[in-house]
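Here the structure comes first, spelled out in structure tokens, and everything after it is commentary.
Read the numbers this way: they start at 1 and go in the same order the structure lists the ligands and their atoms.
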Amino acid sequence: MFKGILIEKDDAGYRANLTDIDEAQLPEGDVTVAVQYSTLNYKDGLAITGKGPVVRKFPMVPGIDLVGTVEHSSNPEYKVGDAVVLNGWGVGEGHWGGLAQKARLKGDWLVPLPKGFTPKQAMAIGTAGYTAMLCVMALERHGVTPDKGEVLVTGANGGVGSVAVAILAKLGYTVVASTGRAAEAEYLKTLGAAEIVDRAQFSEPGRPLGKERWAGAVDSVGSHTLANVCATTRYRGAVAACGLAQGMDLPASVAPFILRGVTLAGVDSVMCPRPDRLEAWSRLARDLDPALLELITHEIGLSEAIPTAAELMAGKVRGRVVVDVNR
Ligand code: NDP
């Protein structure tokens with residue numbers, strides 16, 4: 001038996017509980033991992049609280065990322081004792097995930113624990129941080145270099161936002177952080193933000209085009225925010241869109257794209273091909289100051305994951321939450 005969070009949905013309703021799970025119930029997979037840490041991402045918040053239709057099969061162990069050591073393997077790429085990381089691939093949505101002491105997975109989904117990171121640091125980054133790196137790589141692909149001008153990060157106090165601010169600042173960009181939590185300005189400045197702006201200026205319906213300001217942007221918020229960010233992005237700038245914290249809609253016009261040549265670059269971490277994942281993790285080892293991870297992260301035990309998921313959904317969590325599944 002091992003401990004894990006189990007989400008169930010039946011006539012008694014939708015519920016998540018910390019419970020003892022029989023190892024025989026683990027799903028199919030060629031690698032069994034003794035999990036050390038998982039995390040709480042926005043998607044895990046949706047899954048645990050039931051606020052979004054993330055879980056596609058019940059019962060489900062949530063947790064879209066994990067780090068741990070291989071306990072059994074019939075995959076030639078992995079042997080007992082290897083340290084591995086998992087992000088995405090529908091784990092925690094359609095396949096049992098990381099918020100448990102054990103996970104059984106497809107070896108093809110795993111990447112070796114990146115050199116230079118402890119297991120806890122890898123989860124301090126987690127899916128949110130690896131997605132932030134994918135967003136920065138997307139901006140680079142579209143020619144957004146530090147000399148081009150200011151880069152905006154929305155949802156800056158969140159997991160994706162915090163890591164994006166830290167990476168962009170280390171790379172030499174002038175980072176403007178948009179947030180609803182002005183009280184966290186010092187935190188964002190320590191991560192490297194040059195200026196903090198109130199997210200309210202982006203959150204209401206806006207004009208098709210506004211004054212050009214951003215050379216690029218990382219947006220984890222969607223909805224009116226993304227529309228207004230595109231409308232104020234400079235000629236030939238790029239916006240990497242990865243999230244929907246404000247909403248899934250995009251009430252925008254084509255004006256920024258057809259009149260200013262703005263690129264809207266979509267970023268998905270879940271099905272992202274392995275070569276891009278490996279590149280993102282090696283870039284994180286180079287372009288993120290590991291000392292900042294302490295500031296960005298707070299650690300909880302598995303028993304605290306359910307109440308903390310509700311706080312995350314209420315926008316009360318700053319940065320990243322690492323879950324020690326063994327306490
Ligand atoms: P967090 O909950 O950590 O951060 C979200 C942040 O968004 C909040 O901290 C808040 O920042 C801001 N926010 C919340 N509600 C609103 C609102 N109504 N209007 C404007 N801003 C709001 O989540 P994550 O960083 O883990 O994820 C962020 C988004 O990115 C989520 O939508 C998630 O699903 C998505 N995501 C997508 C991935 C992909 O593969 N495409 C991978 C990972 C995440 P502040 O307090 O600073 O205003």
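Each of the following atoms of ligand 1 lies closer than 4.0 Å to a heavy atom of Thr179: 45 (P), 46 (O), 47 (O), 48 (O).
Residue contacts with ligand 1 for Leu244 involve both N, CA, C or O and side-chain atoms from C-beta outward (heavy atoms, distance under 4.0 Å). The proximity of Val267 to ligand 1, defined as any non-hydrogen pair under 4.0 Å, is limited to the backbone. For Thr131, every heavy-atom contact with ligand 1 shorter than 4.0 Å involves the side chain, none the backbone. Proximity of Ser220 to ligand 1, defined as any heavy-atom pair under 4.0 Å, is shared by backbone and side chain alike.
At under 3.5 Å, not a single nitrogen or oxygen of Ala128, backbone or side chain, sits near a nitrogen or oxygen of ligand 1. Considering backbone and side-chain N/O atoms, Tyr42 comes within less than 3.5 Å of an N/O atom of ligand 1. In terms of N/O distances under 3.5 Å, ligand 1 is not approached by Gly315. At a 3.5 angstrom cut-off on N or O pairs, Arg181 counts as close to ligand 1.
Taking a 6.0 Å sphere around CZ of Arg236, one finds it holds 12 or fewer heavy atoms contributed by other residues, nucleotides or ligands. Heavy-atom neighbours of Glu77 CD from other residues, nucleotides or ligands within 6.0 Å: at or below the threshold of 12.
When hydrogens are left out, the protein atom nearest atom 37 (C) of ligand 1 is Cys242 O, 2.9 Å; that is the closest non-hydrogen contact.
Using a 4.0 Å cutoff on heavy atoms, Lys43 does not count as a contact of ligand 1. Note on ligand 1: Ser203 sits outside its first shell, no heavy atom being nearer than 4.0 Å.
For Thr145 and Asp147, the side-chain atoms include at least one donor-acceptor pair closer than 3.5 Å.
At a threshold of 4.0 Å, the pair Asp10-Arg15 counts as salt-bridged, since one of the basic side-chain nitrogens sits closer than that to a carboxylate oxygen.
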